[in-house]
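Working notes, beginning with the structure itself.
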Amino acid sequence: MFRKDSPADADFRAEAREWLETNLPHTLRGMTARPHPPEIMPWYKALSKRGWIAPHWPKEYGGMGATLAQQIIISDELARLSAPHLPVQGINHLGPILMRYGTPGQKAQHLSRIISGEVIWAQGYSEPGAGSDLASLTTRADDKGDHFVVNGQKIWQTWGHYADWMFMLVRTDANATPKHAGISFMLVDLKTPGIKARPIMNIADDDEFAQMFLDDVVVPKGNLVGPLNGGWKVANDLLAHERLGTSSPQHTMEVLARIDRVSKANGKAADPIFRDKLAALRIKVTAQAAMFWHAVDMIATGQPLGPSSSTMKLVATDNLQAATDLLIEVAGANGADSERLTTDGEPTDVTQIFLQSRRATIYGGSSEIQRNVLAKRVLGLPG
Amino acid sequence: MFRKDSPADADFRAEAREWLETNLPHTLRGMTARPHPPEIMPWYKALSKRGWIAPHWPKEYGGMGATLAQQIIISDELARLSAPHLPVQGINHLGPILMRYGTPGQKAQHLSRIISGEVIWAQGYSEPGAGSDLASLTTRADDKGDHFVVNGQKIWQTWGHYADWMFMLVRTDANATPKHAGISFMLVDLKTPGIKARPIMNIADDDEFAQMFLDDVVVPKGNLVGPLNGGWKVANDLLAHERLGTSSPQHTMEVLARIDRVSKANGKAADPIFRDKLAALRIKVTAQAAMFWHAVDMIATGQPLGPSSSTMKLVATDNLQAATDLLIEVAGANGADSERLTTDGEPTDVTQIFLQSRRATIYGGSSEIQRNVLAKRVLGLPG
Amino acid sequence: MDLLLTDEQRLLQDSVAKMLAQAGGVKRTRALRGRADGFDSAVHARMADEGWFGLVVPEGLGGLGLGLTELGLVLMEAGRVLAPEPIGATAVVARAIAHGASSSKIFAGVLEGRMVVMPAIAGHADGPVVTWLVPSKESGVRLDGNLVGIPMAASCDGFLVEARAAPDGLSLGAEDTMLTYVPRSTPGLTISPRATVDGRPFADLALVDVKPEVVFLRDSAHGAFHDILLFAAAAELVGVMSAAIDITVEYLKTRKQFGKPIGSFQALQHRVVNDYARMVSVRSFVFQVAAQGLDISSSMASALKAHAAAEALDVCKSAIQMHGGIGFTEECDIGLYLKRAMWLSAWLGNAAHHRARYSALMA
Amino acid sequence: MDLLLTDEQRLLQDSVAKMLAQAGGVKRTRALRGRADGFDSAVHARMADEGWFGLVVPEGLGGLGLGLTELGLVLMEAGRVLAPEPIGATAVVARAIAHGASSSKIFAGVLEGRMVVMPAIAGHADGPVVTWLVPSKESGVRLDGNLVGIPMAASCDGFLVEARAAPDGLSLGAEDTMLTYVPRSTPGLTISPRATVDGRPFADLALVDVKPEVVFLRDSAHGAFHDILLFAAAAELVGVMSAAIDITVEYLKTRKQFGKPIGSFQALQHRVVNDYARMVSVRSFVFQVAAQGLDISSSMASALKAHAAAEALDVCKSAIQMHGGIGFTEECDIGLYLKRAMWLSAWLGNAAHHRARYSALMA
């Protein structure tokens, strides 16, 4: 919607499409649950070898140095084949942070091993007692001269039980006011003694998360990223940029494609009432695409998205959930099946994606938190 | 819905219907705006003469002493003819308060003149600075020995500029904590020197409201109702009971009847998408009717509705507004006409009732206030 | 709002709640997920002993002769703990077959909890999708058709199948629709299991030239068979919703962020209040329909199911949201409530289906 | 989110805002309500001087040769102060008739603000409801049909009527739909005034055997006539919404209850944030459609109008609610915003109508 490829981009798209169609194993297409890292890492490494694992990274760090248009083409084409989600904490999150805040040594040690897929990273921000109120986190790193000793718990580590390293926020000043001024950003090798991971099954019976227990874990001083007690800024600086990816209309369009398949298979496609609901949803997704492309233009011209990216996340996640609502509705008497439905071409899962979509308004800052942020920082409301 | 008349009630309904059809002037039927008191009071007095102006009042005070079933029959039958709204502050609000809290002298002086329509009452609760936060009201009554002197402003007096008397809440203790402990309930003759009324036009261009300016107004001590500084309880004691009337599905069913007429006139009645929306609305109104009859049963068996009546108001007002939304939608290209649309039988107004329905979620305690009340008093949430 | 119940009704409600809690509550339901039989037959038998399956069976036929209010109360309590036993389906089946002399053994088995007979009704079409036909005098009645999502299909003893006359078949006038009993192992009946999010066993049924064991011609007792089932699903959804709200309110009071219980934040207060109002509106609807008696109208039944299904899904999704991250985990019970709501909403036709049925009946 | 505008676009936006503020802002609009002509012809003439009516007219034909982004910016500012002049309609009419030699006098009149010509288009049917016919060689083209809710109908100079070939008439192939100019006093044209909540004069038109003064055969410039009008209505709705939100946010900061600004209550904060997100989504939609150029597609135009109409009504109703009692009074400006949103939503077809049109076009 809205954009047409330039001739050069069209060539790039054709190239990407052909390569992906040839190389993405069929067993990894059309999945709802994320396959486990052992199943997925060969594909990660294949993409890496092709040079496409990190389109947005500069070439000097082993990335593709792609234009924003090319980045979007790659993600479009991956979505077109319903390619599986990859472990992206290293590529999307830690990589850009290290490029901005890392020491030369940290960059040399970690960046190439993210690109190669040699190291899987987990993100260690949330804690059982610190979710929406992240700044109140209590996992503490005590300064022992040449190293820190870390004690506490982290939760919601995506594939934490498969990860090799974790970047995390820890408390390095218990008395800081405001609380976020006492937080540091550091890296920990998960093979360090004292670390245990407990897998957590999610509502869709997918063991994607883990809880990490840290008990007298020794972390070298050299693993601190950015200044001591400066971790809050390190972690939050690139957040708005990241929200762009989660707000892409592609996610909801993938659900629309399922709705299409199911409604054609069971005849609902001809029902005018269903068609009206579908049109309403498509219109909203078109508006969301407009917001997305507006944000892309902002970034492409070097302007900060700032807290306004929260607006996009609210709209995007509402649409995603409205789409999965319609998906289980159109499935009718099969709307609670946990098996895939028989549809033309490929079987279509309806309930797992409905359940998975619950996450959209909770993770990455719940919708309530996004609204708080917008009320204060964009509309200037008091309190 | 849900209820069938007993044989005795069916007889009463037939009697009421016949009398109303004969006696309600055709010029007063099917109106959206409330006609002004001068136009309406002859009808008030006719109902009064028939003994039906105050069905719920006991016979000893000149009421009908009707059963709840009979009260509902009368209001049904009035709604069936789209009878105009009457000035009911005296009958619905002050009367029951005086019966419970008034002195024999107050009862003797006021009750019969409410029934007869000789005196129109206004309600003086809200102030420009005290709306949702009513307890912060500042109109003060200073004790001058045998009388009070009242200064301040009141707002949202329905037909205040036509009223003869006003009952009001005034501050009699400026230092009370909590604030509502310093409020008294008193009656004032609006002919008293120092009182001015300014009519306020509402959003539907109807001058139903007034703002009252009170400037050194002398109020005899005998006009205090209930104890000094005990006005909060006097005013709030009967609130839940009153919400029953405003939550009757009759209001929304009247809008449904308009939707029906408009959709038949312009052909939308055959559109399956419209029909689905109408069905969704009808189902919600049926559920609302169930809540209403449940509440009627509670009252009929002597059980208090309590703060739960707020639940009913939330549902009732949401449904009313959903119905007026659908009404302007089904009117299509005529959805902004301020003139009545030509429909079979009688012309149908669509926008005025849409605009008037804005009030439903604002007056009588806004929806936000109702939700606060329910959160704390029914669900027991903190804060 | 408080409920208006008689002392007997309150006693019933309390005894049901107590029995289900003693049996193990939601923990028991969680443990039974994924098991082939899907429920605990010992508990099922105790329910029979308590008389639950005879609630709406006339006294003269061995039931308790009570009404839909009592049935609704039992199912609300069952919904609150997500009891896996098919209580509503069994009670409605028992009522439907209580009158037939030819079915007295089956009826007794169902009433006493020794047999499990499941209603086999389409939830995706406007009427029965199974057709009956009498090919010849000797053959008797034969059934053909396909049914989706029949509960406990893999473990029950048989099905009460609603069937309509085949277009080219015999007409019996008012009895063109009939109920028939088909044991699980009847030749021509294929049972294809299907997993659902609810964790209980369901299946699709395919009937090809199936000879039912018993044929019930329509009488007043099965007139409302389909519609009382809709009522039962709605009542159970009220229980699911009201427990989901209670669990959420408790969590809002306990969970602290920003130095105070999250239940003190107005946005969450207003959200849970809206959910509460939704639940009350469905609950009132259930009780007012119940008060109309057992001869429930199809339009009212569809309106009720449509309302209950839509509101329950919204309430349970909202409950997950208010739980935040923990609500998204399998180990948190609130997810089980959403899943039961999904299943009960889809069973016998979802909100969109029943809104359309209501709309057609009102036209 | 900030807008991405060129320096020229920002200058245009600022100059429009300044001009409209100097003319009197919303106060002027309020004062003009209910007047027979409905707007101020002196201000209309100044708008012409500023070049607004030639914004999307090619430079070679005397216009500014700009695009929909610029038209959208002007209309957003107009919407913000509820300017009563028919700016969008005039600019789109000017573009549609710029090419015809036979209409050069009318075009010049419109462009220079001396004449007011209103689009006469159905907002309740899928295509033109006026039909054209050539009864005989001598008669030339004749028009028949009825139109609802045409703005400024009682005071304008004439109408640009969209007409389609009568079923039994001549076929011109691609030109079966044509635009025609019909002066207000043409025989056979009946104008029935209709009051709307917006306070400006509208009318229904009845055409019986009307001979248009000018017939425009379809060319690329009027290809998108209808659809650019939809775009214009959507852009104006963005202005209405965004000002309604600004006014409300200001009120929330000022109005105190319970000892603090009501804007510090989370329930109101979240409500106004939702409204803001709605507005941003429509605004982004307007700009992205504008970036596609003047050859706007019908499906995109209907999607945009449907979205804008629905969201603007919701935002403006919400703004009233957040104002509380004062929002319900005639004297509070926020009500004027709701009423303009009602009118703009209904004009040329409401959200339901355009969702259906979009749905049909996508099929």
Side-chain angles (χ1 to χ4, degrees), chain B residues 126 128-136 155-156 179 200-209 211 266-268 271 273-274 277 321 324-326 328-341 350-352 354-363 366-369 371-372 375 383, chain D residues 34 122-125 147-150 193-200 202 204 255-260 262 265 267-268 271 309-310 313-314 317 320-332 334-336 338-353 355-356 359:
Chain B
S126 296
S132 286
D133 182 15
L134 186 59
S136 71
I155 196 165
W156 314 129
K179 283 191 251 168
I200 302 174
M201 198 84 100
N202 78 12
I203 198 172
D205 293 326
D206 185 0
D207 70 334
E208 62 168 332
F209 293 124
Q211 182 170 5
N266 70 11
K268 272 278 166 199
D271 173 8
I273 298 163
F274 161 74
K277 288 178 188 166
Q321 292 183 347
T324 62
D325 283 351
L326 186 57
I328 67 165
E329 178 180 312
V330 77
N334 295 112
D337 285 16
S338 55
E339 293 174 25
R340 294 175 175 207
L341 310 189
V350 299
T351 56
Q352 222 194 20
F354 170 85
L355 290 167
Q356 292 278 14
S357 74
R358 297 303 110 212
R359 88 168 68 223
T361 47
I362 297 174
Y363 290 98
S366 71
S367 295
E368 286 75 19
I369 295 294
R371 290 191 189 100
N372 287 347
Chain D
H124 57 289
L147 288 158
V148 172
I150 307 305
R194 241 183 198 294
T196 78
V197 291
D198 190 46
R200 293 185 297 170
F202 301 90
D204 295 349
R255 169 74 173 173
K256 284 187 179 150
Q257 290 283 273
F258 304 102
K260 46 187 179 176
I262 59 174
F265 290 100
L268 294 182
R271 183 192 263 269
L313 279 178
D314 276 351
K317 286 186 295 183
I320 302 273
Q321 179 69 20
M322 286 185 278
H323 275 77
I326 197 75
F328 191 65
T329 64
E330 203 278 333
E331 64 203 54
C332 179
I334 200 68
L336 301 182
L338 173 61
K339 289 171 182 174
R340 176 62 61 85
M342 289 167 72
W343 182 74
L344 279 168
S345 292
W347 186 47
L348 306 170
N350 65 14
H353 173 77
R355 200 157 56 232
S359 193

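Letters A, B, ... mirror the listed sequences (proteins, then strands); counts begin at 1. Note that the structure is a prediction, hence the values are computed from the model and not measured.
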Spell out, as yes or no, whether a donor-acceptor pair under 3.5 Å connects the side chain of [X] to the backbone of [Y].
{"X": "D/Asp204", "Y": "D/Gly149", "answer": "yes"}
{"X": "B/Glu368", "Y": "D/Leu268", "answer": "no"}
{"X": "B/Gln321", "Y": "B/Ser357", "answer": "yes"}

If I measure from the heavy atoms of chain D, does [X] come under 4.5 Å with its side chain, its backbone, both, or neither?
{"X": "B/Asp207", "value": "neither"}
{"X": "B/Leu326", "value": "neither"}
{"X": "B/Phe354", "value": "side chain"}

*asked:* Under the rule for side chain to side chain donor-acceptor pair (under 3.5 Å), what residues qualify as partners of B/Ser136, not counting sequence neighbours?
replied: B/Asp133
Side chain, backbone, both or neither: which part of [X] has a non-hydrogen atom closer than 4.5 Å to chain B?
{"X": "D/Trp343", "value": "both"}
{"X": "D/Leu313", "value": "side chain"}
{"X": "D/Ile262", "value": "neither"}
{"X": "D/Leu336", "value": "neither"}

_One thing to verify: whether D/Asp198 and D/Lys339 come together as a salt bridge, which I'm taking to mean a side-chain N less than 4.0 angstrom from a carboxylate O._
no
*Apply the test side chain to side chain donor-acceptor pair (under 3.5 Å) to residues B/Asp205 and B/Gln352: give CA-CA distance (whole Å), side-chain angles for both, the deciding distance (0.1 Å), then the verdict.*
CA-CA 9 Å; B/Asp205 293 326; B/Gln352 222 194 20; over 6 Å; no
_Whether the B/Asn202 and B/Gln356 side chains hold a donor-acceptor pair (N or O, under 3.5 Å, no angle test) is what I'd like checked._
yes
Under a 4.5 Å heavy-atom cutoff, which of [options] has the most pairs with chain D?
{"options": "B/Ser126, B/Ala130, B/Ser367, B/Ala331", "value": "B/Ala130"}
{"options": "B/Arg359, B/Glu329, B/Lys179, B/Arg371", "value": "B/Arg359"}
{"options": "B/Leu355, B/Val330, B/Ile328", "value": "B/Leu355"}

